[in-house]
Q: 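Here's a structure for you.
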There are 2 protein chains.
Amino acid sequence: MKHITIKDLAKELGVSISTVSRAFNNKYDIKPETRDLILKKAEELGYRPNPIARKLIQQRSYNIGVVVPEFENSFFPKVLMGVQEVMHDKGYQVLVMQSNYSWEMEKKNVETLVDNMVDGLIVSLTSENQNIDYYKKLLTQNIPIVFFNRTVEDIAASKVLFDDFKWALFATEHLILQGYQHIVHLSGAPHLTLSKNRLKGFKQAHTKHRLEPGKVIQCGFRTEDGERVAKELIEKGEIPRAIFAANDSSAIGAMNVFKQHGYKIPQDIAIVGFTESNLAKHIYPTLTSVEQPTQDIGQTAATLLLEQIANKGVFVPQTIVLNGRLNVRESSMNPQ
Amino acid sequence: MKHITIKDLAKELGVSISTVSRAFNNKYDIKPETRDLILKKAEELGYRPNPIARKLIQQRSYNIGVVVPEFENSFFPKVLMGVQEVMHDKGYQVLVMQSNYSWEMEKKNVETLVDNMVDGLIVSLTSENQNIDYYKKLLTQNIPIVFFNRTVEDIAASKVLFDDFKWALFATEHLILQGYQHIVHLSGAPHLTLSKNRLKGFKQAHTKHRLEPGKVIQCGFRTEDGERVAKELIEKGEIPRAIFAANDSSAIGAMNVFKQHGYKIPQDIAIVGFTESNLAKHIYPTLTSVEQPTQDIGQTAATLLLEQIANKGVFVPQTIVLNGRLNVRESSMNPQ
DNA sequence: ACAACTTCCGAAAACCTTTCCGATAAATAT
DNA sequence: ATATTTATCGGAAAGGTTTTCGGAAGTTGT
């Protein structure tokens, strides 16, 4: 017993295929009574239009695709929630693929999504150097894309971003105002704009408060990166008074190593992180961190994409920058 | 300028459509030279077979769908990694949908996935009572499904499970062997088999060691559930010597509340959790917890599904139970 | 030299829908 | 009463591929 098709339903009712189709897409040129009749019978037989065939002829799917590097940290899952919320409201389904920080896989993911005729894409780049020509080509083919979180400057697409510079400045300033000097920055993956901007913010805070430029250590985003750097610092005997890390994972990695070696947080070393992992308020001591409006990021990205899908062809790329919050916790409170 | 189709490519080369198709599906009845010629030209023109059309006629997609309740906790993302690993190896793409702990959404997700002609499904149930008739229908329609983590007994599908009973017993036993008595169990959502089994394990540990039955408090899986229960216990003045929680989130919630009220962990109260959240080894004190083989769960689920896809029609449902590990940490170490 | 295979390829059907175009009958206008 | 519009429907093309079937060569066997 195979799938029941529109033909079966039409024959069953003694009407033509086109009429059934009209009923399902409720077109104007069908008598309301016959429409109801068809819909009722369809329900009865369990008929549902085959979306594959529909996609093939309509060249659209009412699916949108989201591509993220990972969802092990809570950041991406949370923005995903935002995306889903508005998309489901509008009758879209959300297909998610993770690229595992590999740009080859990212490309493959985007390709399958496009091949599956998603009506649009929301993507957070794995690397800013790697696939951008491919994305530009996609854009010229008029496929709606909005980037978030990790993007690249010179691409004419909509983006929803976070003001990394501003909030890195605030975070650093917070440390300065707490009376800390000689702050060290553990910077993120150097090729990402967000790393660069956080670094810039760190530097700007120093010049603003007429301090010597703070020390910068190339670190990375993973817990192990933070651990490694902390160990190096301990070996060299260069124990900083305060640390501003480019994200929570590296902050926590460093913090743990320092704790293991007997340093007290924040008495000996103050620490602030970035991007509010869900560890921040549970770890000991609780970690001061910049919180991004994750849900909101997802929602605006989705809304932007929807607009773009609606006015296909005649849209102007928008860049929306969202606001955050600095959650001050124990790890950065100067005890004196 | 539209998509380039098989027809364009055929005309360009002066061969028939069928020959081009044969080249791409490398069938036996095509001359190797013409195949190479076609493939080269295709590369040149940027032609790729339209998967929608292909799905429509082949009734298969080389996509598989995964439906999970959420991916905010690291559990599901990690099994997802396992799934992706083996699926990508075999040339499958993985579409992920989250049902947000709503069985209506779960059903919708499964429907879109099926409509999109995924070759199979891997799902973790949101509720064990709600959609199971629907799943049974799917099964009779010969759609390969494997369940994991949250499943239901009387359904003839493959499952990959964890021996919650055994590991709950071990976890409780660990507390007993550390010298703790009067252990309280914070149980999970009562309608889930995994909650029941963890509860059973808790009880079994007591009878095995000839102890009074331990107290059970209906709690839930979220951090707030643990917080609520802890507050209630404090109000009533019934401070337990040890707690075995049905998962890490509730354990952590309870732990935080107790800590805030001045109780020392583990000196005053020992705690062990379940399912090794990524908080466990970062929180203070570090949390003893049962670790599930997440990656492995994903891999076996994927392998099982692949088998089932291969021998469609003539397969016997398999249930695979995987082993875990008890990570003993500070929160349960009896100081004396 | 002729039959019987191989090897390679083209034509056309099939997958399931939507949509354009035209047809019929009823309703309105003249 | 005739002409024109409106409401409703059916036929067929289109979307892009795979696959079955049959045919034209070339190859082998006797």
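Reckoned from all heavy atoms, side chains included, excluding hydrogens, waters and symmetry mates. Naming: A, B, ... by sequence-line order, numbering from 1 per chain.
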Q: Would you say C:dT18 has OP1 or OP2 under 4.0 Å from some side-chain N or O of A:Gln59?
A: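 Result: no.
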
Q: Could you tell me whether the phosphate oxygens of D:dG16, OP1 or OP2, come under 4.0 Å of any side-chain nitrogen or oxygen in B:Thr5?
A: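 Answer is no, no contact under 4.0 Å.
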
Q: Between B:Glu44 and B:Lys41, is the closest basic N to carboxylate O distance under 4.0 Å?
A: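 Salt bridge flag = yes for B:Glu44 with B:Lys41.
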
Q: Here's one to test your reading of the geometry: is the NZ or CZ of B:Lys107 within 45 degrees of the ring axis of B:Tyr134 and under 6.0 Å from its centre?
A: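 The answer is yes, since B:Lys107 meets both limits relative to B:Tyr134.
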
Q: Would you call the rings of A:Phe71 and B:Phe71 parallel, tilted or perpendicular if under 30° counts as parallel and over 60° as perpendicular?
A: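 The rings of A:Phe71 and B:Phe71 lie parallel, inter-plane angle below 30°.
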
Q: For A:Phe24 and C:dC16, give me the distance from atom CZ to atom C1', rounded to whole Å.
A: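 Result: 13 Å.
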
Q: Is any side-chain heavy atom of A:Leu9 closer than 4.5 Å to one of A:Phe24?
A: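 Side chain of A:Phe24 against side chain of A:Leu9, heavy atoms only: contact under 4.5 Å found.
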
Q: Is the charged tip of B:Arg60 near the ring of B:Tyr62: under 6.0 Å from the six-membered ring centre and within 45° of its axis?
A: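 Yes, B:Arg60 sits over the ring of B:Tyr62.
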
Q: One thing to verify: whether A:Asp296 and A:Lys78 come together as a salt bridge, which I'm taking to mean a side-chain N less than 4.0 angstrom from a carboxylate O.
A: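 No, this pair does not count.
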
Q: Scan residues 32-56 of chain A against DNA chain D and write down, sorted by residue number, each residue with any heavy atom closer than 4.0 Å; if none is found, say none.
A: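 Per residue number, the list reads A:Thr34, A:Ala53, A:Leu56.
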
Q: Contact between A:Thr19 and A:Ile38 at the side-chain level, heavy atoms closer than 4.5 Å - yes or no?
A: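 Contact flag for A:Thr19/A:Ile38 side chains = yes.
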
Q: Tell me which of B:Ile30 and B:Met117 sits closer to the 5' end of DNA chain C, going by the nucleotide each one is nearest to.
A: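 With B:Ile30 and B:Met117 compared, the 5'-side residue is B:Ile30.
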
Q: Over how many whole Å does the gap from B:Arg60 atom CZ to D:dT18 atom P extend?
A: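 So the two atoms are 13 Å apart, to the nearest Å.
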
Q: For A:Gln58 and C:dC16, what is the distance between atoms CD and C1' respectively, to the nearest whole Å?
A: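 Computing the A:Gln58:CD to C:dC16:C1' distance gives 12 Å.
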
Q: Are B:Gln308 and B:Gln318 close enough, and set up right, to give a side-chain hydrogen bond (donor to acceptor under 3.5 Å, both in side chains), and what steps lead you there?
A: CA-CA 10 Å; B:Gln308 212 172 122; B:Gln318 269 181 283; over 6 Å; no

Q: Within this structure, what is the CG-to-P distance between A:Asn25 and C:dT17, rounded to whole angstrom?
A: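 Atom-to-atom, A:Asn25 to C:dT17, this comes out as 11 Å.
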
Q: D:dA14 C1' sits how many Å from B:Ile6 CD1, rounded?
A: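 It works out to 16 Å between those atoms.
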
Q: Mind listing the N/O atom pairs, protein and nucleotides 20-22 of chain C, below 3.5 Å?
A:
none

Q: When the distance from NZ of B:Lys7 to C1' of D:dT18 is rounded to whole Å, what number comes out?
A: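 Interatomic distance, NZ of B:Lys7 to C1' of D:dT18: 14 Å.
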
Q: Nearest heavy atom decides the nucleotide; on that basis, is A:Lys31 or B:Ile17 closer to the 5' end of DNA chain D?
A: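 Here A:Lys31 is the residue nearer the 5' end.
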
Q: When all nucleic acid strands are considered with a 4.0 Å heavy-atom cut-off, which category describes A:Ser21: base, sugar-phosphate, or nothing?
A: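 Touches a base.
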
Q: Can you tell me the distance, in whole Å, between the CD1 atom of A:Ile57 and the P atom of D:dG15?
A: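 Answer to the nearest Å: 8 Å.
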
Q: Please work out which of the three classes, parallel, tilted or perpendicular, describes the rings of A:Tyr135 and A:Phe147, given edges at 30° and 60°.
A: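 Rings of A:Phe147 and A:Tyr135: perpendicular, as their planes differ by over 60°.
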
Q: Roughly how many Å is it from NZ in A:Lys11 to P in C:dT17, rounded to a whole number?
A: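 After rounding, the reported distance stands at 14 Å.
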
